[in-house]
There are 2 protein chains.
Amino acid sequence: MPVSKRQLEERQMRQDRILNGALEVFKTKGLEGATMDEIAIESGFGKATLYYYFHSKEEVFAAILENGWKDLWASLEPVIAGEEGPRKTFVNVLLKIAENAKNRPGLYEFLFNAPKVITFEEQPWKRYQNRMYGTIQGLLEDGIKAGEFPNINPQLLFKAMGGLFMGLVLMGDRKHPVSEKDVEDLLNKLIADPTQK
Amino acid sequence: MPVSKRQLEERQMRQDRILNGALEVFKTKGLEGATMDEIAIESGFGKATLYYYFHSKEEVFAAILENGWKDLWASLEPVIAGEEGPRKTFVNVLLKIAENAKNRPGLYEFLFNAPKVITFEEQPWKRYQNRMYGTIQGLLEDGIKAGEFPNINPQLLFKAMGGLFMGLVLMGDRKHPVSEKDVEDLLNKLIADPTQK
DNA sequence: TTAATATTCGAATGGTGAGTCGAAAATTAA
DNA sequence: TTAATTTTCGACTCACCATTCGAATATTAA
């Protein structure tokens, strides 16, 4: 194992390089369809080298998800900690996710779709995912209670918003990406704020 | 090849049986992860028999999508041909899809998610899919023009509604399935009809 | 009943791809 | 410079799986 800080960093960068290549391949081929040979070519290493950095194909796959969700959650924390009301916070959270997604569309498409395919138990990234969903769900509940949203069963509203947002931000059209403003406008137009009116 | 009508029908039923078994397997394992052995066991035939009815695993996979989209489209046609206004028709189309999905949740989850993974060109089922999406898009455009929807870029509204609906109907909780009424209420609450007011 | 046809399937075949090995090259430390 | 130590990778193994074979069984037709 490496010693100096630089060595550690370079090692990290090589891992990231592999992960990026792997993402490309997983995105189009899926977990089973992707081959380590392809990932090796895509990331510019020999196949055996991949195994120097990761134990298995599954580990590579999981690492992408783990990093992705962790970073996403980290970026959301300050937004959530902010002292705004539930409605505002809710919108801000979605906007922050959209911002992330805009920077790395491939990654986020993957983050939000891959889980469906996987059934492994106990994936560490699930913790972040659950935390995020839980938070959003909570914001909706609070917001409805506070009368800041239309009075809808929170469960339903959560599903609807989740889908809506996914559709908006991820079902893209590289050509016509959805701007933050679009997202904000649409949210406000669709979920009219009863207290404003 | 069979001769009598009964023979033809029985053959058809056996194919369907295989397709149903295959769906179970594909749903959890994906195209690559699924094995013909599993499909054979699941559907109650010997593996070699599968090849008597289909040429390849891909063909089985494609047949599920083809049948699914074709049937869905067939069930939508009368709704679309109906003489209601765009807004009403739009809602009816979504409700009809929801109805279908409720009857065969596994199939519809598959129909709407599998395509992402597949990149084959020229799949016949894509024709049905495109026709459906095109129609819905058209309804939204007409509806906006007629002032029956909030004035939003139709592209955006389409994405949003597509996602919302998918979230509602497919991201389920077997335990708390979303009722048609829920869907209808929600649609009406979120996309307020400006002409009603 | 017998011949033709349709259906079924277990056992081979062949290719593919995950993961390993052992040796080389590159880098760091002494 | 030399001796570790780290990194790289082509070639190999081996299990798995789609697909095919060839023979058996069942059904229909004469």
Side-chain angles (χ1 to χ4, degrees), chain A residues 1-65 114 117-120, chain B residues 1-65 114 117-120:
Chain A
M1 28 209 117
V3 188
S4 80
K5 186 166 174 216
R6 176 184 57 73
Q7 269 173 313
L8 242 42
E9 282 175 0
E10 287 190 350
R11 193 181 162 78
Q12 179 69 52
M13 303 209 75
R14 277 175 237 132
Q15 290 202 358
D16 286 349
R17 200 178 274 265
I18 292 173
L19 258 22
N20 284 332
L23 174 60
E24 273 331 288
V25 183
F26 283 136
K27 233 184 2 185
T28 54
K29 309 290 179 71
L31 173 55
E32 308 277 349
T35 73
M36 288 301 261
D37 286 282
E38 256 183 303
I39 296 175
I41 293 170
E42 185 73 29
S43 57
F45 291 93
K47 173 159 71 152
T49 304
L50 303 187
Y51 285 90
Y52 182 74
Y53 289 96
F54 298 93
H55 293 312
S56 67
K57 187 166 77 158
E58 268 77 14
E59 191 178 297
V60 175
F61 191 89
I64 297 176
L65 291 171
V117 189
I118 309 311
T119 340
F120 305 150
Chain B
M1 34 218 112
V3 186
S4 80
K5 183 162 177 225
R6 175 183 59 72
Q7 269 174 312
L8 242 41
E9 282 175 1
E10 285 189 352
R11 193 181 163 76
Q12 179 69 51
M13 303 208 73
R14 277 175 237 132
Q15 291 202 358
D16 286 348
R17 202 178 272 266
I18 292 173
L19 258 23
N20 285 331
L23 174 60
E24 275 329 292
V25 183
F26 284 136
K27 232 184 2 185
T28 53
K29 310 291 180 71
L31 171 55
E32 308 278 348
T35 73
M36 288 302 261
D37 284 281
E38 259 183 302
I39 295 175
I41 292 170
E42 185 74 29
S43 58
F45 290 93
K47 176 160 63 156
T49 304
L50 303 187
Y51 286 89
Y52 182 73
Y53 290 96
F54 297 94
H55 293 312
S56 68
K57 189 165 79 157
E58 266 79 13
E59 190 177 298
V60 174
F61 191 88
I64 297 176
L65 291 172
V117 188
I118 309 310
T119 338
F120 305 149

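Below, read A as the first sequence line, B as the second, and so on, with proteins coming before strands; counting in each chain starts at 1. Since the model is a prediction, treat every value here as computed from it, not as a measurement.
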Hey, which of these two, B:R6 or B:D37, hits DNA chain D nearer its 5' end, going by closest nucleotide?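 With B:R6 and B:D37 compared, the 5'-side residue is B:D37.
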Spacing of A:K29 atom NZ and B:L31 atom CG [to the nearest 0.5 Å]: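 Rounded to the nearest 0.5 Å, the NZ-CG separation comes out at 12.0 Å.
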[N] [atom2] sits how many Å from [X] [atom1], rounded?
X: A:I39; N: C:dA18; atom1: CD1; atom2: P; value: 8 Å
X: B:L50; N: D:dC17; atom1: CG; atom2: C1'; value: 13 Å
X: B:M36; N: D:dT20; atom1: CE; atom2: P; value: 10 Å
X: B:K29; N: D:dC17; atom1: NZ; atom2: C1'; value: 13 Å
X: A:I41; N: D:dG10; atom1: CD1; atom2: P; value: 10 Å
X: A:E58; N: C:dG17; atom1: CD; atom2: C1'; value: 13 Å
X: A:L8; N: D:dT6; atom1: CG; atom2: P; value: 11 Å
X: B:E32; N: D:dC16; atom1: CD; atom2: C1'; value: 14 Å

With the side chain of [X] defined as its heavy atoms from C-beta on, choose the nearest nucleotide among [options].
X: B:K57; options: D:dA18, D:dT7, C:dG17; answer: D:dA18
X: A:A48; options: D:dC17, C:dG10, C:dC21; answer: C:dC21
X: A:Q7; options: C:dT20, C:dG10, C:dT28; answer: C:dT28
X: A:Y51; options: D:dT19, D:dC21, C:dG19; answer: C:dG19

Please verify the inter-ring angle class for B:F45 with B:Y53; under 30° counts as parallel, over 60° as perpendicular, anything in between as tilted.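 Ring orientation, 0 to 90° scale: tilted.
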OP1 or OP2 of [N] under 4.0 Å from side-chain N/O of [X]:
X: B:T49; N: C:dT7; value: no
X: B:R11; N: C:dA6; value: no
X: B:Y52; N: C:dT7; value: yes

Does the side chain of [X] reach to within under 4.5 Å of the side chain of [Y], using non-hydrogen atoms?
X: A:E42; Y: A:N20; result: no
X: A:Y51; Y: A:E59; result: no
X: A:E10; Y: A:R14; result: yes

Select base, sugar-phosphate, or nothing to describe what B:Y53 touches, counting heavy atoms under 4.0 Å on all strands.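 Result for B:Y53 = sugar-phosphate.
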With no angle test and no hydrogens, is the base of D:dT19 tied to the side chain of B:K47 by a donor-acceptor pair under 3.5 Å?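 Answer yes: a donor N or O sits under 3.5 Å from an acceptor.
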